[in-house]
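We number each residue from 1, following the sequence as shown. Please read these numbers as outputs of a predicted model, since none were measured by experiment. Ligands are counted one by one from 1 in listed order, and the atoms in each one are counted from 1 as well.
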Amino acid sequence: MSELPSWEDMVSGANCPMCTELPDVNQFNYKVADLSVSRLLLEREQTYPGYCVLMFKERHVTGLEQLTDEEYTAFMSDLRQAAKAITAAVNPDHMNYATLGNIIPHLHYHIIPRTENDPRWRGPVWTTTPKEMVRMELEDDEYRALVERIKREL
Ligand SMILES: [Zn+2]
């Protein structure tokens with residue numbers, strides 16, 4: 001991750017990649033939809049089918065503690081809406097929610113559908129360094145089909 005700006009810069013929002021308007025399809029993800037205060041993104045990494053990130057989009061904040069009451073309520077509502085849509089689209093056995101921000105300190109939630117036959121069932125998905133993670137990528141048409149399935153359920 002040496003290509004990232006310094007931690008101090010990223011916390012302050014300078015050069016924050018999540019504050020930069022990226023194309024709807026880019027090297028990291030596919031845009032699913034804009035919700036009330038957030039953007040739902042389907043990650044290219046699909047070891048866990050339906051894996052999405054919900055990014056707070058109103059301004060640069062690093063954590064929940066920086067949100068106003070109204071923003072928090074709206075963000076949590078978006079999170080539930082997204083999780084329900086993903087559940088309807090991919091029918092997982094369980095759902096994991098994680099907000100860490102250790103690599104990009106801009107408030108976002110990982111929404112990770114889990115299944116009984118996934119490689120880390122009954123454990124957390126992150127047990128190794130990012131470089132050592134199993135990575136599963138799909139074809140472009142498969143990403144687009146998955147985006148449409150999730151979008152229909154929103
Ligand atoms: Zn940001």
Check: residues 91-100 side-chain donor-acceptor pairs under 3.5 Å, at least two apart:
| from | atom 1 | to | atom 2 | distance (Å) |
| --- | --- | --- | --- | --- |
| Asp93 | OD2 | Glu116 | N | 2.8 |
| Asn96 | OD1 | Arg114 | NH1 | 2.7 |
| Thr99 | OG1 | His108 | O | 2.9 |

Partner of Cys52 by side-chain contact (heavy atoms from CB on, under 4.5 Å), out of Leu41, Val90, Leu42, Asn29: Leu42
Please examine the side chains of Leu107 and Gln66, heavy atoms only from C-beta on, and report whether any two atoms are closer than 4.5 Å. no
Under 2.8 Å from the Zn ion (ligand 1), which protein N, O or S atoms are there? Could you list them by chain and number? Cys16 SG, Cys19 SG, His60 ND1, His106 ND1
Got a donor-acceptor contact below 3.5 angstrom from the Ser38 side chain to the Leu35 backbone? no
Could you tell me whether the side chain of Tyr109 reaches within less than 4.5 Å of the side chain of Asp78, counting heavy atoms only? no
With a 4.5 Å cut-off on side-chain heavy atoms, are Glu43 and Tyr30 touching? no
